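Here the structure is a predicted model, which is why all the values come from computation and not from measurement. Chain letters run A, B, ... following the sequence lines, proteins first, then strands; residues in each count from 1.
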There are 2 protein chains.
Amino acid sequence: MDMRKLVGRNFERLRKQKGFTQEKFSEASGFTQQYISGLERGRRNPTIVTLFELATTLGVSHIDLVLPDDDARSDRAKLSKKK
Amino acid sequence: MDMRKLVGRNFERLRKQKGFTQEKFSEASGFTQQYISGLERGRRNPTIVTLFELATTLGVSHIDLVLPDDDARSDRAKLSKKK
DNA sequence: TGGGAATACATACTATAGGAGATAAACCTC
DNA sequence: GAGGTTTATCTCCTATAGTATGTATTCCCA
């Protein structure tokens with residue numbers, strides 16, 4: 001269970017949904033494009049403060065981390081919009 | 001909006017609900033008692049990997065971070081049990 | 001009120017989060 | 001295949017996450 005990849009994959013999906021390039025997102029969030037790249041590729045282990053800042057820039061208000069059962073083969077996680 | 005305090009307060013509540021002392025929890029999780037203390041007092045900024053390990057030790061499978069509206073005065077967050 | 005259990009504080013240390021800058025590699029579209 | 005744009009890789013740097021150890025403090029309760 002690799003939280004880095006779990007967060008990276010879902011972040012990338014949401015970034016694209018929002019129409020951000022890595023560069024545009026880096027300008028909006030203050031993180032470097034290189035950091036965003038590493039994050040999406042599962043090479044970064046963001047802190048909760050960083051996670052909050054990323055979510056805020058994405059316009060996401062609800063971070064929902066579903067930790068898979070051991071017997072579940074695939075990782076699952078959602079970053080869902082406010083109700 | 002201080003994610004450290006938000007997580008710290010909710011972690012402390014859940015730890016007590018589960019009947020752990022900081023010392024017992026540190027033995028179960030591999031983190032030091034001192035780290036747990038700092039975490040609960042909002043002086044630590046855990047990474048997502050750390051957050052996952054803490055949740056796993058607590059027997060929590062669903063991490064739900066609700067980011068308050070700007071006009072909401074109080075922090076809110078839930079670490080909820082699996083359905 | 002004293003003594004053990006639980007929590008907080010202090011200091012020093014190693015590993016890594018995150019930044020800055022340059023560049024490489026893909027990925028278009030013409 | 002040239003040229004722009006987007007993403008990935010690399011190196012070096014500082015700040016801090018997390019460990020280890022010791023101790024202080026707070027909280028009980030007999």
Would one find a side-chain N or O of [X] under 4.0 angstrom from OP1 or OP2 of [N]?
X	N	value
Arg41(B)	dC9(C)	yes
Tyr35(A)	dG19(C)	no
Arg43(B)	dA8(C)	no
Thr50(A)	dA17(C)	no
Thr47(A)	dG18(C)	yes

Counting only side-chain heavy atoms from C-beta out, which of [options] sits nearest to [X]?
X	options	result
Phe31(A)	dA8(D), dA17(D), dG18(C)	dG18(C)
Thr32(A)	dA8(C), dT9(D), dA20(C)	dA20(C)
Pro46(B)	dG18(D), dT21(D), dG18(C)	dG18(D)

Residue closer to the 5' end of DNA chain D, Val49(B) versus Gln34(B) (nearest nucleotide): Val49(B)
What does [X] touch in the nucleic acid at a heavy-atom separation under 4.0 angstrom: a base, only the sugar-phosphate, or nothing?
X	answer
Arg44(A)	base
Arg4(A)	nothing
Ser37(A)	base

Check whether [X] reaches the backbone of [Y] with its side chain - one donor and one acceptor, N or O, closer than 3.5 Å.
X	Y	value
Arg15(B)	Phe20(B)	yes
Ser37(B)	Gln33(B)	no
Thr50(A)	Pro46(A)	no
Asp64(A)	Asp64(B)	no
Lys5(B)	Gly42(B)	no

Rounded to whole Å, how long is the line connecting atom [atom1] of [X] with atom [atom2] of [N]?
X	N	atom1	atom2	answer
Glu27(B)	dA6(C)	CD	C1'	13 Å
Glu53(A)	dG19(C)	CD	C1'	13 Å
Leu39(A)	dA8(D)	CG	C1'	14 Å
Ile48(B)	dG18(D)	CD1	P	11 Å

Upstream residue (5' side of DNA chain C) when Asn45(B) and Thr21(B) are each assigned their closest nucleotide: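 Result: Thr21(B).
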